[in-house]
Trainee: 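The structure follows.
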Amino acid sequence: MKRSTRTLFALTAAAAFGGFAATAVNEVLENRAEAATAAPAPAPAPLPPPLATAASLPASVDGQAMPSLAPMLQRVMPAVVSVHTRQRVAVRNPFFDDPFFRRLFPQVPQERINESLGSGVIIDAQRGYVLTNHHVIEGADDVAVTLADGRTLKAEFLGSDADTDVALIRIPAENLAGLPLGDSGRLQVGDYVVAIGNPFGLSQTVTSGIVSAVGRSGIRGLGFQNFIQTDASINPGNSGGALVNLRGELVGINTASLNPRGSAAGNIGLGLAIPSNLARDVVHQLVTTGEVRRGTLGLDAQPLDARLARGLGLAENQLGALVTRVHAGSGADAAGLKPGDVVVEAGGQRITDALALHNFEGLQPVGAKVPLRVLRDGKTVDLSATLKEQPRSVDGATVDPRLAGARLAELPEAQRQARGRGVLVEEVAANSRAAQSGLRRGDVIVAGSAGTFDDLASFRAGLATPPQQLVLRIVRGNVQGTLVMQ
């Protein structure tokens with residue numbers, strides 16, 4: 001055989017062997033892959049299906065009963081109710097101002113009925129007292145309560161406080177179950193809590209979580225603030241419902257879910273509740289006097305920035321409320337506070353800025369004695385002040401004759417959170433001196449001839465000496481303007 005023939009035969013044989021070897025290796029790899037995904041190795045002993053195990057939890061483990069909230073909730077849930085409100089709203093249609101159109105279309109409604117649903121908690125079964133949120137019953141013409149047993153009872157409005165969002169209503173006291181008020185001051189971050197209410201109209205819904213924070217404040221548009229923050233789900237309809245501890249005591253009234261994207265985004269674990277101790281104080285005042293009276297220190301303050309801190313000889317990062325004015329005869333005046341003092345602590349609570357001090361004042365009753373810690377000339381000074389009551393509204397003529405006919409009032413706290421400062425024009429009498437100068441109901445006075453001011457007391461103090469010309473800067477809707485009062 002020639003060399004060329006032998007070489008060709010060797011190459012053909014090598015190619016055939018290589019193809020066979022490659023095929024064999026490929027088959028082995030494919031068989032391993034199939035064995036890993038499709039043909040599991042037989043287990044030595046079968047295990048019970050996990051779902052079956054979860055569905056049949058044992059009643060006890062090692063002689064200890066499995067924990068459950070059910071016994072506590074059986075006692076608590078009958079005290080949590082649904083609150084239904086109805087409000088009649090006039091329908092404004094300019095065509096039907098004409099009697100001719102009204103005769104042609106008598107069937108067209110002249111009003112509509114707005115209905116809403118919230119939650120409430122029975123706190124006194126003997127008297128039929130039900131605690132809920134102010135915003136649940138605000139403006140309602142009719143309020144009804146549906147109990148856990150299905151009964152629906154007409155409720156009587158006893159009073160409310162918009163600035164803390166607490167309201168008290170009463171239902172007939174017949175076979176009711178009440179919920180004891182706990183001490184919210186004992187709550188600590190990490191304590192377990194349960195929220196009960198009627199979210200989205202679903203009755204008797206329970207969610208659980210922990211206390212995420214206490215004393216939460218600084219949230220725009222929510223009035224005086226000392227909230228309990230929890231990650232227990234709080235959704236629309238939960239407002240006014242109960243936040244209870246594991247002993248079944250009411251420690252908070254669910255009021256809001258903090259969600260920058262709105263309720264459509266769902267719950268994100270940032271729920272807020274009004275502490276039971278605050279609600280207890282508000283209820284006591286509503287029952288005894290029919291209104292809530294608040295004490296005040298009687299001072300004006302502003303935030304402390306780095307420039308002001310340097311000027312006062314303090315660290316640039318020092319926090320506190322810088323006192324700018326002390327009203328004569330006020331609690332702050334009697335305590336010895338002076339302009340230039342920096343309040344850093346009140347009643348044992350840290351004060352970070354002027355808003356924090358204002359929020360603290362708004363949660364104190366008239367006559368409360370409050371220890372204060374201030375920085376003065378770089379030194380720490382401890383003082384004690386007794387809070388006095390300030391009128392919530394006054395006749396404009398008592399402030400300045402050019403304001404005759406106007407009724408001036410403190411800004412609602414939710415509005416103050418948005419605007420910061422000012423005085424609300426509550427009413428203006430027709431053809432009065434104030435009306436003739438252009439002042440209107442709903443205007444907010446934010447500055448005057450004497451400069452800016454914090455509140456009604458500060459506005460009055462600034463005009464104690466009547467200016468030759470009274471000029472007011474007002475906000476009407478979203479527009480600012482200036483009025484010269486005649």
Trainee: Between I210 and T230, is the side chain to side chain contact (heavy atoms under 4.5 Å, CB included) condition met? List the steps.
Mentor: CA-CA 6 Å; I210 63 170; T230 177; 5.9 Å; no
Trainee: Do you know the tightest heavy-atom contact between V423 and A409?
Mentor: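 Heavy-atom minimum between the residues: CG1-O, 3.5 Å.
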Trainee: For the side chain of E426 and the backbone of A406, is there at least one donor-acceptor N/O pair under 3.5 Å apart?
Mentor: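 Looks like no, no N/O pair under 3.5 Å.
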Trainee: Any donor and acceptor pair, going by atom type alone, linking the side chain of Q480 with main-chain N or O of V475 inside 3.5 Å?
Mentor: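 Here the side-chain-to-backbone pair does not exist.
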Trainee: List the atom of I196, the atom of N254, and the distance in Å for their closest heavy-atom pair.
Mentor: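 Heavy atoms only, the tightest pair is O-ND2, 3.9 Å.
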Trainee: Without swapping roles, check the side chain of T289 against the backbone of L286 for a donor-acceptor pair under 3.5 Å.
Mentor: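 Flag not set: sc T289 to bb L286 has no pair under 3.5 Å.
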Trainee: Without swapping roles, check the side chain of Q285 against the backbone of R293 for a donor-acceptor pair under 3.5 Å.
Mentor: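 Present.
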Trainee: So how far is it from N245 CG to R247 CZ, rounded to the nearest 0.5 Å?
Mentor: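 The distance works out to 4.5 Å.
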Trainee: Test side chain to side chain contact (heavy atoms under 4.5 Å, CB included) on S184 and R186 and set out the steps.
Mentor: CA-CA 5 Å; S184 58; R186 297 175 58 187; over 6 Å; no
Trainee: Counting only heavy atoms from other residues, nucleotides and ligands, does the tally under 6.0 Å from CG of D149 exceed 12?
Mentor: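 More than 12 within 6.0 Å, yes.
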Trainee: Could you check whether H134 and D165, counting side-chain N and O atoms only, form a donor-acceptor pair closer than 3.5 Å?
Mentor: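 No, because no side-chain N or O of D165 sits under 3.5 Å from a partner of the opposite role on H134.
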Trainee: Sub-3.5 Å donor-acceptor pair from the side chain of R473 to the main-chain atoms of G481, do we have one?
Mentor: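 No.
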Trainee: Tell me yes or no: between the side chains of T296 and E361, is some donor less than 3.5 Å from an acceptor?
Mentor: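 Present: a donor and an acceptor within the cut-off.
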Trainee: Tell me, yes or no, whether the heavy-atom count around F157 atom CZ, taken from other residues, nucleotides or ligands under 6.0 Å, exceeds 12.
Mentor: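 It does: F157 CZ has more than 12 such atoms within range.
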Trainee: Atom OG in S119, atom CG in N238: separation rounded to 0.5 Å?
Mentor: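 Rounded to the nearest 0.5 Å, the OG-CG separation comes to 5.5 Å.
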Trainee: When you look at T255 and S239, which way does the side chain to side chain donor-acceptor pair (under 3.5 Å) test go after all the steps?
Mentor: CA-CA 5 Å; T255 189; S239 293; 5.7 Å; no
Trainee: Between T324 and D300, do the side chains contain an N or O donor and an N or O acceptor separated by less than 3.5 Å?
Mentor: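 T324 vs D300: no donor-acceptor pair found between side chains.
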Trainee: Check step by step if side chain to side chain contact (heavy atoms under 4.5 Å, CB included) holds for L179 and I123.
Mentor: CA-CA 5 Å; L179 197 56; I123 58 170; 5.6 Å; no
Trainee: In Å, rounded to the nearest 0.5 Å, how long is the span from CD1 of I351 to CG of N359?
Mentor: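 One finds 8.5 Å between CD1 of I351 and CG of N359.
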Trainee: What pairs with F459 under ring pair (Phe, Tyr, Trp, His ring centres under 6.0 Å), at least two apart in sequence or on another chain?
Mentor: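 Partners of F459 under the ring pair (Phe, Tyr, Trp, His ring centres under 6.0 Å) test: F453.
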Trainee: Taking the side chain as every heavy atom from C-beta outward, state whether V166 and N133 have any atom pair closer than 4.5 Å.
Mentor: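 The answer is no, as the side chains (C-beta and beyond) never meet within the 4.5 Å cut-off.
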Trainee: With the side chain counted from C-beta on, respond yes when Q204 and V80 share a heavy-atom pair under 4.5 Å apart, and no when they do not.
Mentor: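 Yes, at least one pair of side-chain atoms sits under 4.5 Å.
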Trainee: Applying salt bridge (charged side-chain N to carboxylate O under 4.0 Å, His left out) as the test, list every pair that has at least one member in residues 331-354; sequence neighbours left out.
Mentor: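 Every pair satisfying salt bridge (charged side-chain N to carboxylate O under 4.0 Å, His left out) with a residue in residues 331-354: D341-R376.
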Trainee: For S212 versus V189, what's the shortest heavy-atom pair and its separation?
Mentor: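 For S212 versus V189, the nearest heavy atoms are O-CG1, 3.7 Å.
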Trainee: I want to check something: taking the side chain as every heavy atom from C-beta on, are D142 and T85 in contact at a cut-off of under 4.5 Å?
Mentor: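 With C-beta onward as the side chain, the pair stays apart.
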Trainee: Does D163 pair with R392 as a salt bridge, N-O distance under 4.0 Å?
Mentor: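 Looking at D163 and R392, the cut-off is met.
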Trainee: I'd like to check R325 versus S458 (side-chain heavy atoms, cut-off strictly below 4.5 Å). Are they in contact?
Mentor: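 Side chain of R325 against side chain of S458, heavy atoms only: contact under 4.5 Å found.
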Trainee: Any side-chain heavy atom of L408 sitting closer than 4.5 Å to one from L403?
Mentor: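 Yes, side chains in contact.
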Trainee: What heavy-atom pair brings V428 and A435 nearest, and what distance separates the two atoms?
Mentor: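 Nearest heavy atoms, V428 then A435: CG1-CB, 3.6 Å.
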Trainee: Hey, is the main chain of L439 close enough, under 3.5 Å, to the side chain of S437 for a donor-acceptor pair?
Mentor: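 Absent.
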Trainee: Can you list the steps and then say if R294 with D161 is a salt bridge (charged side-chain N to carboxylate O under 4.0 Å, His left out)?
Mentor: CA-CA 11 Å; R294 291 189 169 86; D161 179 40; 2.3 Å; yes
Trainee: Can you see whether T380 engages R373 through a side-chain donor-acceptor pair at a distance of less than 3.5 angstrom?
Mentor: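 Side-chain D/A pair, T380 to R373: absent.
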Trainee: Are the side chains of L299 and L337 in contact, using a 4.5 Å heavy-atom criterion?
Mentor: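 They are in contact (side-chain heavy atoms under 4.5 Å apart), so the answer is yes.
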Trainee: For R127, is the CZ atom crowded, meaning more than 12 foreign heavy atoms sit under 6.0 Å from it?
Mentor: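 Incorrect, the count does not exceed 12.
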Trainee: Could you tell me if the side chain of L372 sits less than 4.5 Å from the side chain of D382, heavy atoms only?
Mentor: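 Result no, sub-4.5 Å side-chain heavy-atom pair not found.
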Trainee: Which value, rounded to the nearest 0.5 Å, describes the distance between N226 atom CG and L278 atom CG?
Mentor: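 One gets 7.0 Å once the value is rounded to the nearest 0.5 Å.
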Trainee: For the residue pair L69 and V194, establish whether any side-chain heavy-atom pair is separated by less than 4.5 Å.
Mentor: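 Yes - at least one pair of side-chain heavy atoms lies under 4.5 Å apart.
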Trainee: Using the rule given for salt bridge (charged side-chain N to carboxylate O under 4.0 Å, His left out), can you reason through D141 versus R86, listing the C-alpha separation, both sets of side-chain angles and the distance that settles it, and then say yes or no?
Mentor: CA-CA 6 Å; D141 296 306; R86 290 166 56 90; over 6 Å; no
Trainee: Please report the interatomic distance CD1(I137) to CG(L168), rounded to the nearest 0.5 Å.
Mentor: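 Between atom CD1 of I137 and atom CG of L168 there are 9.5 Å.
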Trainee: Which distance, rounded to the nearest 0.5 Å, do you find between the CD of Q302 and the CG of L308?
Mentor: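 Taking CD in Q302 and CG in L308, the distance rounds to 5.5 Å.
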Trainee: Decide side chain to side chain contact (heavy atoms under 4.5 Å, CB included) for L158 and I169; before the verdict, give the C-alpha distance in whole Å, the side-chain angles of both, and the deciding distance to 0.1 Å.
Mentor: CA-CA 5 Å; L158 295 182; I169 57 180; 5.8 Å; no
Trainee: Considering all heavy atoms of both residues, which atom of S384 and which atom of A335 are nearest to each other, and what is their separation?
Mentor: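 In this case the closest contact between S384 and A335 is O-CB, 3.2 Å.
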Trainee: Under the salt bridge (charged side-chain N to carboxylate O under 4.0 Å, His left out) rule, what do R407 and D395 come out as? Steps first, then yes or no, please.
Mentor: CA-CA 5 Å; R407 187 76 183 171; D395 186 345; 5.3 Å; no
Trainee: According to side-chain hydrogen bond (donor to acceptor under 3.5 Å, both in side chains), who are the partners of Q364, at least two apart in sequence or on a separate chain?
Mentor: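 For Q364 there are no side-chain hydrogen bond (donor to acceptor under 3.5 Å, both in side chains) partners, ignoring immediate neighbours.
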Trainee: Taking all atoms of both residues into account, what is the closest heavy-atom pair of A195 and A232, and its distance?
Mentor: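 Smallest heavy-atom distance, with atoms named: CB-CB, 4.1 Å.
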Trainee: Under 3.5 Å, side chain of N198 to main-chain N/O of V81, donor-acceptor pair present?
Mentor: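 Answer holds: yes.
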